[in-house]
Amino acid sequence: MQRRNFLKKSGLTTVGVLAAPSLTSCKPEHKEDTAIQTTKQPTVICTWNFSNASAKAWEVLEAGGNALDAVEQGVMVEENDVNNQTVGVGGRPDRDGKVTLDACIMDKDANCGAVLALQNIANPIAVARKVMEKTPHVMLAGKGAEQFAIEEGFKKMNLLTEKSKQEWLKWKKTSNYETPINIENHDTIGLLALDGNGDFAGACTTSGMAYKMAGRVGDSPIIGAGLFVDNEIGAATATGVGEEVVRTVGSFLIVELMRQGKSPQEACEEGVKRIVAKNKGRKDFQIGFIAMNKAGETGGYCVHPGFTYRKFDPSGHENVPVESFYS
Ligand code: SD4
């Protein structure tokens, strides 16, 4: 589809939605008191500087594809990049030298799938999608996930590149087996897309914290922590120290804050500030959130300087880094 026609389909509209009770209220009743702006202008955002991934997702949407295909194909660009040492092939191993991958995916109908600590398979996001579509479960972990992937036709391969292996061997000599605080080793990709039908999907994929303990799983494959999509409200995803994101059910929190009326930017800032507050003002760790609402507005915020997110905005011309962090 030509870009011009594609964009012509777009336009902002306003609909009334059922507002859920606020986080502080336990009352079950819903009332119709919120008008939410919606758009059918496709928009893509992703964590960090993964411009190839956001461009791929945009390409899928521009061709008339849906958000689910866009997020899956977008993040697979990074999973397949051997030079990216924090996702898929080429990812840094755990402290025993094994590359273990975490990923999850979620669609507009709250269908979701995840794989945890998956080894020997290059595209965990595609396996997560199969878990979502072909099993009665949401998460498969470890050997079970690998066995399922092989049954589904995924090829086994060695994910540990020579570069990551050499770095790990060096780390073993000097580290006393301490896991580094995750400031520099950041590059988990979380990608959110809004498609031409006004529907959301999200994907999040990572090799996790470098040199983690064997069996450690972070936030990235946990629905609600590393990723959350609510097609009535918006979507959010996280990057950084997974333990902190799990503790606050971060991405779910961001979406709920948007439900209460905060913009994506305000919601991400509030989420990060809550984590900083729980850590008594400590800021020597990395936590970043990005989010998008039904109007196609986006936001992103991080504890630490250096964080950017990529936005492929509806004009289709921009794939710009946006930087915003706690100060
Ligand atoms: C994890 N959240 O496993 C991931 C790591 C990450 O940027 O996002 N790094 O905790």
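At a threshold of 4.0 Å, the pair Glu243-Arg247 does not count as salt-bridged, since none of the basic side-chain nitrogens sits closer than that to a carboxylate oxygen. The pair Lys56-Glu59 meets the salt-bridge criterion, with a side-chain N (NZ, NE, NH1 or NH2) lying under 4.0 Å from an Asp/Glu carboxylate O. Checked for salt-bridge contact, Lys134 and Glu152 meet the test: a charged N lies under 4.0 Å from a carboxylate O. Look at Lys294 and Asp230 and you find no salt bridge, because none of the NZ, NE, NH1 or NH2 atoms lies under 4.0 Å from a carboxylate O.
Using a 4.5 Å heavy-atom threshold, the side chains of Glu270 and Tyr301 count as separate. Residues Val77 and Phe50 have side chains not in contact (no heavy-atom distance under 4.5 Å, counting atoms from C-beta outward). Considering only heavy atoms from C-beta on, Gln286 comes within 4.5 Å of Cys302 through its side chain. Side-chain contact between Ile105 and Leu68 is present, with at least one heavy-atom pair separated by less than 4.5 Å. Side-chain atoms of Val131 and Val115, non-hydrogen and from C-beta on, do get closer than 4.5 Å to each other. Considering only heavy atoms from C-beta on, Glu297 comes within 4.5 Å of Pro264 through its side chain. Side-chain contact between Lys165 and Glu162 is present, with at least one heavy-atom pair separated by less than 4.5 Å. With a 4.5 Å cut-off on side-chain heavy atoms, Ile233 and Ile36 count as touching.
Side-chain heavy atoms closer than 4.5 Å link hydrophobic residues (I, L, V, M, F, W, Y) into clusters, and following such links, even through other members, never connects Val217 to Val246. Connection of Leu194 to Val255 is established within a shared hydrophobic cluster, with ILVMFWY side chains joined at heavy-atom distances below 4.5 Å, either directly or through further cluster members. Hydrophobic clustering keeps Met76 apart from Phe154 (ILVMFWY residues linked when any side-chain heavy atoms are closer than 4.5 Å, directly or through intermediates). A continuous path of hydrophobic side-chain contacts links Val229 to Met258 [ILVMFWY only; heavy atoms under 4.5 Å]. Under the 4.5 Å side-chain heavy-atom criterion for Ile, Leu, Val, Met, Phe, Trp and Tyr, Ile290 and Phe200 are members of the same hydrophobic cluster.
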Going through the checks in order, is the side chain to side chain contact (heavy atoms under 4.5 Å, CB included) test met by Leu101 and Ser207? CA-CA 4 Å; Leu101 305 177; Ser207 52; 3.6 Å; yes
Evaluate the side chain to side chain contact (heavy atoms under 4.5 Å, CB included) criterion for residues Leu116 and Met139: first the C-alpha distance (whole Å), next the side-chain angles of each, then the deciding distance (0.1 Å), finally the verdict. CA-CA 7 Å; Leu116 291 67; Met139 298 189 224; 3.7 Å; yes
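Considering all non-hydrogen atoms of both residues, Leu227 and Gly202 come closest at CD2-O, 3.4 Å. Contact record, Gly240 with Asp219: O-OD1, 4.3 Å, taken as the closest heavy-atom pair. For the pair Gly142 and Leu118, the tightest heavy-atom approach, listed with the atom from each and the gap, is O-CD1, 4.5 Å. The minimum heavy-atom distance linking Ala225 with Ser251 is given by the pair O-OG, 2.6 Å. Scanning all heavy atoms of the two residues, the minimum distance from Gly226 to Cys204 falls at O-SG, 3.9 Å. When all heavy atoms of Cys104 and Ala128 are compared, the pair lying nearest together is CA-CB, 4.2 Å.
Shown here are the side-chain hydrogen bond (donor to acceptor under 3.5 Å, both in side chains) partners of Gln73, two or more places apart in sequence or in another chain: there are none. For Lys143, the side-chain hydrogen bond (donor to acceptor under 3.5 Å, both in side chains) partners two or more places apart in sequence, or in a different chain, are Glu146. With sequence neighbours left out, the side-chain hydrogen bond (donor to acceptor under 3.5 Å, both in side chains) criterion links Asp81 to no other residue.
Between the side chain of Glu79 and the backbone N or O of Ile125, at least one donor-acceptor pair lies under 3.5 Å. Here the side chain of Thr47 pairs a donor or acceptor atom with the backbone of Thr188 at under 3.5 angstrom. Side-chain atoms of Asp195 come within 3.5 Å of backbone N or O of Ala67 as a donor-acceptor pair. Between the Lys212 side chain and the Thr100 main chain, a donor and an acceptor come within less than 3.5 Å of each other. Checked by atom type and distance alone, the side chain of Asn293 pairs as donor or acceptor with a backbone atom of Ala295 at under 3.5 Å. In this structure, the side chain of Gln41 does not engage the main chain of Gly196 through any donor-acceptor pair within 3.5 Å.
With 3.5 Å as the limit, one finds no donor-acceptor pair spanning the side chains of Gln119 and Lys98. Side chains of Asn84 and Thr86: a donor-acceptor N/O pair is present below 3.5 angstrom, by distance only. Side-chain contact annotation: Gln260 with Glu256, donor-acceptor N/O pair under 3.5 Å absent. Between the side chains of Asp199 and Asn231, a donor-acceptor pair is found at a separation under 3.5 Å.
In this structure, Ile45 CD1 and Leu192 CG are separated by 4.5 Å, a value rounded to the nearest 0.5 Å. In this structure, CE on Met209 lies 4.5 Å from CZ on Arg216, to the nearest 0.5 angstrom. Expressed to the nearest 0.5 Å, how far OG1 of Thr161 lies from CD of Gln166 amounts to 10.0 Å. Going from atom NZ of Lys155 over to atom CG of Asn123 covers 12.5 Å, rounded to the nearest 0.5 Å. To the nearest 0.5 angstrom, Ile254 atom CD1 is 13.5 Å from Arg259 atom CZ. Considering CG of Leu159 and CG of Asn120, their distance stands at 6.0 Å, rounded to 0.5 Å.
Using the six-membered ring where Trp is involved, Phe228 and Phe252 have ring planes that are perpendicular, over 60° apart on the 30 and 60° scheme.
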